[in-house]
Engineer: 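Before anything else, here's the structure in question.
Quick note on labels: first sequence line is chain A, next is B, and so on, each numbered from 1.
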Protein chains: 2
Amino acid sequence: MKTVTMADVAKHANVSKSTISQYLNKRFDYMSEDTKNRIEETIRFLDYRPNILARSLKQKSTTTIGVIVANILHTFSSQIIRTVEDVCNETDFHVMVCNADDDPVKEKKYIEMLRAKQVDGIILLPTGINVELYKEMALNKYPVVFVDRTVPGVQIPSVLLDNEKAGEIAVQHFINNGFERIGIITNIIKNVTPRKERVKGYKEALLKNGFAIRDEYIKNLEVSNVQKGLEEMMALPEPPQAILAGNDLVLIEILKHIKKQNIRIPNDLAVVGIDEVSFSTFYEPGLTIIEQPAIEIGKKAAELLLNKIQTKDFESETAVYRYDPKMVVRESSNRIMSDEESQKLT
Amino acid sequence: MKTVTMADVAKHANVSKSTISQYLNKRFDYMSEDTKNRIEETIRFLDYRPNILARSLKQKSTTTIGVIVANILHTFSSQIIRTVEDVCNETDFHVMVCNADDDPVKEKKYIEMLRAKQVDGIILLPTGINVELYKEMALNKYPVVFVDRTVPGVQIPSVLLDNEKAGEIAVQHFINNGFERIGIITNIIKNVTPRKERVKGYKEALLKNGFAIRDEYIKNLEVSNVQKGLEEMMALPEPPQAILAGNDLVLIEILKHIKKQNIRIPNDLAVVGIDEVSFSTFYEPGLTIIEQPAIEIGKKAAELLLNKIQTKDFESETAVYRYDPKMVVRESSNRIMSDEESQKLT
DNA sequence: GTGAAAGCGCTAACAT
DNA sequence: ATGTTAGCGCTTTCAC
């Protein structure tokens, strides 16, 4: 591929490079119609395409941001990416997508590569582990926005689900439906806040309704122990009638157990899950899901980041933006998309 | 953010920039242990991070590729992105993701921006419209790989579903289940091959089984006319017992109609859809889906492109790689993910 | 073994 | 109105 540069255009059009540069940057104030036309013509004639890399080197801005998610296959992540891309597109920014698989090593590598490639900012679904790195970025005023999780002690703004409210809503839903003995199973995640907040919401809602908090109904387990933990809970003299799954991984385990034992939802056991992954994939009727408003979250995160970048206001801040959960009951499996839903997909 | 450059490191370490460059590129052959250590120390001390942009400008390679999909929310697209990213990660390439919404104008803009940003190649789910642009890229030996569709007359390799086989499998499935009067509805898509191939497969399978091809059972419609077209077909003196939906959009329309009329699948009407979108989202029991092997397709596309880039073999070629469809019957809605499936998500 | 210098393609301050 | 010039941060050839 022949590579035509500004110098070539300048020569052919009998002007200097700076004039071409002016032209490209639409500074026509002091440019004669004549040269303007001549340049335009030459550009077309030579099929000249500016090299944005060179510009970026000079301008110290690549109009590119990075998005690091845990897993693109999760609907939450793909909705975030989609929305971020949409917002970026409005100002001709581009998006570099990275899959960190919730692996701190990969996360670190990606952050470093993205910075080496001079992206103007990063939207990060943090593993929560690379605290020193997060802090260093905040310290150096590198534009970063966290999504889905906050990391305590790190001066980086976060956009996420109102996890406390999610816990509350779930419990309230159980109570409204006549369930009184309500358990919660979460899984062990380090250094990241949502789990605790969900448990807090769970407790608050119980208290608000005048129910006692029973420690034997609250378990925080490794994913591999969830099934066992659930069995134990169900073997209590007074087993819970309803279970709140603290996140997607826990829900998967609970559903597996239910399937194995031929338990029916919600009659034998009511279940609510707080969603991060594509639960459309296992469409258990009767199951209730608390969904993340991914679109709103992604939009806010992108706007925050782009605003930081464009206003060059890189002051680190610790603002946390929380968005309301949406409760969805899988009424029956025999559901077909609403028009609205199908439109989103097409 | 203080920006440390190679020159700073050179000065502090009392060597020249070129020596630093050697160091960074791991050309230690002629470097004394002493300077090597000194450089290493200085780099750490100054917290120096190479600017890959500057390197890219010089080397004319950004180790970044672009992926332009129709809609990230479609599982097909996100699987492609996921796989491409995985493959790229192995050789430290990065992926710029763009959502063209199947809009030729957006597609063109993205292609031009990606090229201006000097990405080393593009994986493109083509709208099929910007033929001149595709041709120009092929002519200039710009590395591009098409996914999901081929564009006739354009010298760019494609990786896609074996659409003919998909049509055949669907029809064979109907026939094996005792259905003889089989219709097909496709929607009008310009300048792109899959639709025709699916119809071809449909016809071949009928003939192979000794059934006649009935023109009144074959419709190619605008999406907005699918419901009407289906009604007409069902109003025939001998209505079809089974319908093959040519793609996702058609399937959505057919399912809406079915829901409205309270038709049961497959007893009242058997339906097979060829999938591109997330059909897990409407989990109609009894529905049969022919899925694209997105992982294989994405992997092949990424490997093809990276290979072109790394071997600098930019000869345009028109190879078409077709992958076998996978048939999935939605046996019952009451399905929970298999372990294998749930693993993919976590 | 290491350094000097030219250059990648562009921008922008300053001249003219 | 347009040109001159000095970079941006790196790589690479060729000297020493």
Side-chain angles (χ1 to χ4, degrees), chain A residues 1-40 42-43 46-64 112-120, chain B residues 1-40 42-43 46-64 112-120:
Chain A
M1 180 161 169
K2 68 198 180 227
T3 162
V4 182
T5 78
M6 222 170 72
D8 299 325
V9 181
K11 206 189 308 169
H12 281 250
N14 268 313
V15 291
S16 77
K17 287 198 296 170
S18 41
T19 310
I20 307 291
S21 180
Q22 304 281 27
Y23 174 88
L24 291 174
N25 293 290
K26 305 195 194 304
R27 300 272 323 151
F28 299 131
D29 312 18
Y30 299 98
M31 198 178 296
S32 71
E33 272 301 307
D34 182 50
T35 42
K36 186 171 156 184
N37 293 144
R38 204 143 29 85
I39 292 174
E40 191 172 343
T42 316
I43 286 182
L46 295 178
D47 192 25
Y48 165 68
R49 304 149 183 280
N51 179 333
I52 295 192
L53 222 57
R55 171 191 298 178
S56 295
L57 179 59
K58 183 79 195 178
Q59 295 195 156
K60 296 171 169 335
S61 157
T62 51
T63 56
T64 300
E112 282 171 354
M113 284 307 296
L114 287 174
R115 289 220 275 171
K117 287 195 175 174
Q118 313 297 115
V119 302
D120 294 341
Chain B
M1 178 160 169
K2 61 185 189 242
T3 161
V4 182
T5 78
M6 223 170 72
D8 299 326
V9 181
K11 207 191 305 171
H12 281 249
N14 268 313
V15 291
S16 76
K17 288 199 296 170
S18 37
T19 309
I20 308 291
S21 179
Q22 304 284 25
Y23 174 89
L24 291 175
N25 293 290
K26 305 195 193 305
R27 300 273 323 153
F28 299 132
D29 312 18
Y30 297 97
M31 198 177 298
S32 70
E33 271 302 306
D34 182 49
T35 41
K36 185 172 156 182
N37 293 144
R38 203 142 29 84
I39 292 175
E40 189 171 344
T42 315
I43 286 181
L46 296 179
D47 193 25
Y48 165 68
R49 303 149 183 281
N51 179 333
I52 294 192
L53 222 55
R55 170 190 298 179
S56 294
L57 179 59
K58 186 77 192 177
Q59 293 194 155
K60 298 173 169 334
S61 156
T62 52
T63 57
T64 300
E112 281 170 355
M113 285 306 297
L114 287 174
R115 288 219 275 172
K117 287 195 173 171
Q118 312 299 115
V119 302
D120 294 341

Engineer: Is there a side-chain polar atom (N or O) of B:Lys60 under 4.0 Å from OP1 or OP2 of D:dT11?
Structural biologist: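 It does not, given that no N or O in the side chain of B:Lys60 lies less than 4.0 Å from OP1 or OP2 of D:dT11.
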Engineer: Indicate whether OP1 or OP2 belonging to C:dC8 is found under 4.0 Å from a side-chain N or O atom of B:Ser56.
Structural biologist: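 Result: no.
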Engineer: Would you classify B:Asn14 as touching base, sugar-phosphate or nothing, given that sugar-phosphate means primed atoms plus P, OP1 and OP2, and contacts are heavy atoms under 4.0 Å?
Structural biologist: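 The residue B:Asn14 makes sugar-phosphate contact but no base contact.
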Engineer: With a 4.0 Å limit, can you tell me whether A:Tyr48 has a side-chain N or O closer than that to the phosphate oxygens OP1/OP2 of C:dC10?
Structural biologist: yes
Engineer: How is A:Lys17 classified with respect to the nucleic acid when contacts are heavy atoms under 4.0 Å: base, sugar-phosphate, or nothing?
Structural biologist: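 Here A:Lys17 touches the bases of the nucleic acid.
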Engineer: Need to verify one output field. Residue with the more 5' nearest nucleotide on DNA chain C, A:Thr5 or B:Lys36?
Structural biologist: B:Lys36
Engineer: Touch check for A:Met6, heavy atoms < 4.0 angstrom, all strands: base, sugar-phosphate only, or nothing?
Structural biologist: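 Base: the residue A:Met6, judged by heavy atoms under 4.0 Å, touches a nucleobase.
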Engineer: Tell me: CD of A:Glu33 to P of D:dT2, nearest whole Å?
Structural biologist: 11 Å
Engineer: Within the 4.5 Å heavy-atom criterion, are B:Val15 and B:Met31 side-chain neighbours or not?
Structural biologist: no
Engineer: Can you name the closest pair of heavy atoms from A:Lys17 and A:Ala10 and give their distance?
Structural biologist: N-CB, 3.8 Å
Engineer: Take atom CD1 of B:Ile52 and atom P of C:dC8, then tell me their distance rounded to the nearest Å.
Structural biologist: 21 Å
Engineer: Given D:dC8, is OP1 or OP2 found less than 4.0 Å from the side-chain N or O atoms of B:Asn51?
Structural biologist: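 No, because none of the side-chain N or O atoms of B:Asn51 sits under 4.0 Å from OP1 or OP2 of D:dC8.
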Engineer: Check A:Asp8, A:Thr42, A:Val4, A:Ile39 against A:Tyr48 for a side-chain contact (heavy atoms from CB on, under 4.5 Å) and give me the one that passes.
Structural biologist: A:Val4
Engineer: In whole angstrom, give the distance that lies between atom CG of A:Asn37 and atom P of D:dT2.
Structural biologist: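 Rounded to the whole Å, the gap is 11 Å.
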Engineer: Does a side-chain heavy-atom distance below 4.5 Å link A:Ser56 with A:Leu53?
Structural biologist: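 Answer no - side chains too far apart.
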Engineer: Of the listed nucleotides (D:dG9, C:dT11, C:dT2), which one gets closest to any side-chain atom of B:Ser32?
Structural biologist: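 The answer is C:dT2, which lies nearest to the side chain.
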Engineer: What does B:Ser21 touch in the nucleic acid at a heavy-atom separation under 4.0 angstrom: a base, only the sugar-phosphate, or nothing?
Structural biologist: base
Engineer: Any chance the side chains of B:Thr62 and A:Lys117 put a donor and an acceptor closer than 3.5 Å?
Structural biologist: no
Engineer: Could you check which of C:dT2, D:dT11, D:dT2 has an atom nearest any side-chain atom of A:Tyr30?
Structural biologist: D:dT2
Engineer: Atom CD of A:Gln22 and atom P of D:dA1: how far apart are they, to the nearest Å?
Structural biologist: 13 Å
Engineer: Using a 4.0 Å heavy-atom cut-off, does A:Thr35 contact any base of the nucleic acid, only the sugar-phosphate backbone, or nothing at all?
Structural biologist: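 If one applies the 4.0 Å heavy-atom cut-off, A:Thr35 turns out to touch the sugar-phosphate alone, with no base involved.
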Engineer: Round to a whole Å and report the spacing from CG of A:Leu57 to C1' of D:dC8.
Structural biologist: 4 Å
Engineer: Could you check A:Ser18 against B:Pro50 and say which one's nearest nucleotide on DNA chain D is further toward the 5' end?
Structural biologist: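 On the 5' side of the pair lies A:Ser18.
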Engineer: Is the shortest side-chain N/O distance from A:Thr19 to OP1 or OP2 of D:dG3 below 4.0 Å?
Structural biologist: yes
Engineer: Can you tell me how far C1' of D:dC10 sits from CG of B:Leu24, to the nearest Å?
Structural biologist: 9 Å
Engineer: Taking the side chain as every heavy atom from C-beta outward, state whether B:Arg55 and B:Asn25 have any atom pair closer than 4.5 Å.
Structural biologist: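 Heavy-atom side-chain distance check passes, below 4.5 Å.
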Engineer: Determine whether a donor-acceptor pair (one donor, one acceptor, N or O, separation below 3.5 Å) exists between the side chain of B:Lys58 and the base of D:dG9.
Structural biologist: no
Engineer: Using a 4.0 Å heavy-atom cut-off, does B:Tyr23 contact any base of the nucleic acid, only the sugar-phosphate backbone, or nothing at all?
Structural biologist: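 The answer is nothing, as B:Tyr23 stays clear of every strand by at least 4.0 Å.
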Engineer: Quick one: label B:Asp34 by what it contacts on the DNA or RNA (base, sugar-phosphate, nothing), any heavy atom closer than 4.0 Å.
Structural biologist: nothing
Engineer: In whole angstroms, how far is the P atom of D:dG9 from the CZ atom of B:Arg49?
Structural biologist: 15 Å
Engineer: Rounded to whole Å, how long is the line connecting atom CG of A:Leu46 with atom P of C:dG9?
Structural biologist: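 That distance rounds to 14 Å.
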